[in-house]
Student: 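Once you've had a glance at the structure underneath, I'll fire off some questions.
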There are 2 protein chains.
Amino acid sequence: MQDEKQARKPTLSEVAALAGVSEITVSRALRGSPSVAGKTLHRVEQAAASLGYVRNRLAGALAGGPSNQVGVILPSLSNIVFPDVLKGLEIRLDQAGFHPVLGISNYDPQQEEQLIHNLLAWRPAGLVIAPSGMTDVSRSLLAGAGLPVVEIMDIDTDPVDMAVGMSHRGAGGDMARHLMAQGYRRFAYLGHDIERDRRACARLTGFREALSEAGLILDACVSLAEPSSVTLGRRGLKQLLAQSDQRPDVVYMSNDDMAVGGVFHCMAQGIRLPQDLALAGFNGLELGQTLPVPLTTTATHRTRIGEIAADCILERLAGREPARSTDVGFTLIAGGTA
Amino acid sequence: MQDEKQARKPTLSEVAALAGVSEITVSRALRGSPSVAGKTLHRVEQAAASLGYVRNRLAGALAGGPSNQVGVILPSLSNIVFPDVLKGLEIRLDQAGFHPVLGISNYDPQQEEQLIHNLLAWRPAGLVIAPSGMTDVSRSLLAGAGLPVVEIMDIDTDPVDMAVGMSHRGAGGDMARHLMAQGYRRFAYLGHDIERDRRACARLTGFREALSEAGLILDACVSLAEPSSVTLGRRGLKQLLAQSDQRPDVVYMSNDDMAVGGVFHCMAQGIRLPQDLALAGFNGLELGQTLPVPLTTTATHRTRIGEIAADCILERLAGREPARSTDVGFTLIAGGTA
DNA sequence: TCATTGAATGACAGCGCTGTCAATTGGTGG
DNA sequence: CCACCAATTGACAGCGCTGTCATTCAATGA
């Protein structure tokens, strides 16, 4: 094994020369083809190791070999939710020897379109995307790419190819029904940058629909044009309570980060949960469940989404036909805050 | 723009034929070369758009063009720390038109070695790695790769090429000194899977060294063989307090997740912070600072590390010579828990 | 008017590998 | 002993693009 800095890396043919076989035999040996004799294999491995040979996948993929890269487009990494999804993806992809190539869209359809184009240029084996309002160009790029595409997180819309996720609208509705069943009647909503986060928006829609089916309405609905955070939830709840002349029974927060911030505000102000005010979140983060009073929320199966999305890609590559749409569902957690 | 599924994507020469110019002119036009006439450029762009042409970077990179992929190896995505770093990396890389190709080592030197090999096979423009006990083979692979390599998080060890991070040992020492200055004398440590997390280990070492310089010792040191989490911190503190006959003055927790769990345990048990017990964490997560009593901790500049690491790669690619080692430092936050 | 220059374009080869098809080998049974 | 088969190996072409060097052509100044 050489340890010198050397720009030109050894090639197949150098390994072949050293091992005394042809290039193609080296290629096959190093890729684990069964049709290489044990002795030859050994000799090739020796030669490769002694030259410090590192296979050039660019050439391989260009020559028609398979790519093991999978494009992954997520809207953000600031909240643990998408890293959780990415973790699930990575686990499964890694097991199959694949690598995610990452792009962050910042919830911007234009950036998303650009990313799709750029990632497609690397001819990945597949693409996983948590859409942020895909443009027509985006859809057309994906449809014409001729590779497996999985749209993740939400299954409320029709996917270009495959979808893995849950119904955010349904989750919002279920939470509204749960809260109504608890006897709450005065509802408020506190959200983050909802213009950009379509899924939070879908939850709110579902929430509103369920209320309205029961003849109730949302008394207050505040959306702050900032990314969600614990701080924002804390600040936002303070603001919401200050500006409403009659305190709501319960506040549905756009996610658990926001809701935990709300819980902290209540703790600091001596507002008792849930007697004085009830709070509900979304995501089922570990954090919320470890609070002295566990958060009422909707648990989502984020890592699972990543795993299944990866499986869909891998299945398709193996020639099988995975489900067009997979619902991983969600679980309402009736905690102590509502 | 065609929207049919089509396995064979249009090539440069098809665009060239349609635009009535040579391939190389199309190549130049699409890459924004200044030596293409405005009129030609326009014609090429039209042709490319009408065919739905997507550049093949595999071929480009193989032919000697630049790659815009950067390998990124992180030990985990379960904690917000590494996504934060990744975010910083992504921001800067994206601005320059680069993409991270991700690998997760699970704190395992063997997996790490495998990942380095696999990522190098894609001939990335650079590599960023948060090392997990690199093997000799790993070092030799990196040294021989002939590309910019940035080792991130820690600067206590000698890097193969470049390093960006902070001294974890120093951070542990500073916290010990801070706590001693507050008058605490009975110290305990509660850690997570410390066998695997070398940086947490380095902090503990620094902490111990500082104590011992002052003639003090660590009365109790508990490490639980699980990944860090809020739950583990809560459970762990309970356990630690139960098994020590005399309650320590202060517990240094391996990170903020653990520490927040500890805070929750105290809240639930009516243990007053910091009168009955003091707690300190590490990382300066937003969460800890939003608690009713802000956590005493060491703020780290994670996103900054990612940004600088990306800059190092980009600088080197631009032919400049960035600093071999960059210390982003840390900031002790004297919160309310210690 | 003519050599000179710079802008714009093109021809060519080859990056390193793998799919396809062909060739070689040793062993088998009739 | 020979046709035949499976196991093993190889020759060849070409994936789609870009670096390098060469060419064209109109504009410029002496």
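Per chain, numbering begins at 1; letters A, B, ... match sequence-line order.
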Student: A:I155: which residues meet the side chain to side chain contact (heavy atoms under 4.5 Å, CB included) condition with it, sequence neighbours left out?
Tutor: A:A163, A:S325, A:D327
Student: Can you name the salt bridge (charged side-chain N to carboxylate O under 4.0 Å, His left out) partners of A:E23, sequence neighbours left out?
Tutor: none
Student: Which residues pass the side chain to side chain donor-acceptor pair (under 3.5 Å) test with B:R198, sequence neighbours left out?
Tutor: none
Student: Taking DNA chain D as the partner, which of residues 30-38 of chain B come within under 4.0 angstrom of it by heavy atom?
Tutor: B:R31
Student: Tell me, for nucleotides 11-16 of chain D in 5' to 3' order, what letter each nucleotide earns: B for a base near a protein heavy atom under 4.0 Å, S for only sugar-phosphate near one, - for neither?
Tutor: B--BBB
Student: Considering heavy-atom distances to DNA chain C, does B:R43 or A:G65 have its closest nucleotide positioned more toward the 5' end?
Tutor: B:R43
Student: Tell me the side chain to side chain donor-acceptor pair (under 3.5 Å) pairs involving residues 29-38 of chain B, sequence neighbours left out?
Tutor: B:S27-B:R31, B:S33-B:S35
Student: By side chain to side chain donor-acceptor pair (under 3.5 Å), which residues pair with B:Q95, not counting sequence neighbours?
Tutor: none
Student: Checking B:D154 now: which residues fulfil side chain to side chain donor-acceptor pair (under 3.5 Å) with it, not counting sequence neighbours?
Tutor: none
Student: Show which side-chain atoms of residues 112-120 of chain B pair as donor or acceptor with protein atoms under 3.5 Å away, not counting sequence neighbours.
Tutor:
from	atom 1	to	atom 2	distance (Å)
B:E112	OE1	B:M134	N	3.4
B:E112	OE2	B:S132	N	2.6
B:E113	OE1	B:T135	OG1	2.7

Student: Side-chain donor-acceptor pair under 3.5 Å between A:W122 and B:N56, yes or no?
Tutor: no
Student: Please check the phosphate of C:dT9 (OP1 and OP2 only) for any side-chain N or O of B:T40 closer than 4.0 Å.
Tutor: yes
Student: Could you tell me which residues satisfy side chain to side chain donor-acceptor pair (under 3.5 Å) with A:E315, sequence neighbours excluded, listed by chain and number?
Tutor: A:R320
Student: Which salt bridge (charged side-chain N to carboxylate O under 4.0 Å, His left out) pairs, counting each pair once, include a residue from residues 77-90 of chain B, with sequence neighbours left out?
Tutor: B:D84-B:R302
Student: How long is the line joining NZ of B:K39 and P of C:dT9, in whole Å?
Tutor: 10 Å
Student: Map every base of DNA chain D to its dot-bracket character, where paired means a Watson-Crick or G-U wobble contact with both distances under 3.5 Å and | marks a partner outside the strand.
Tutor: ||||||||||||||||||||||||||||||
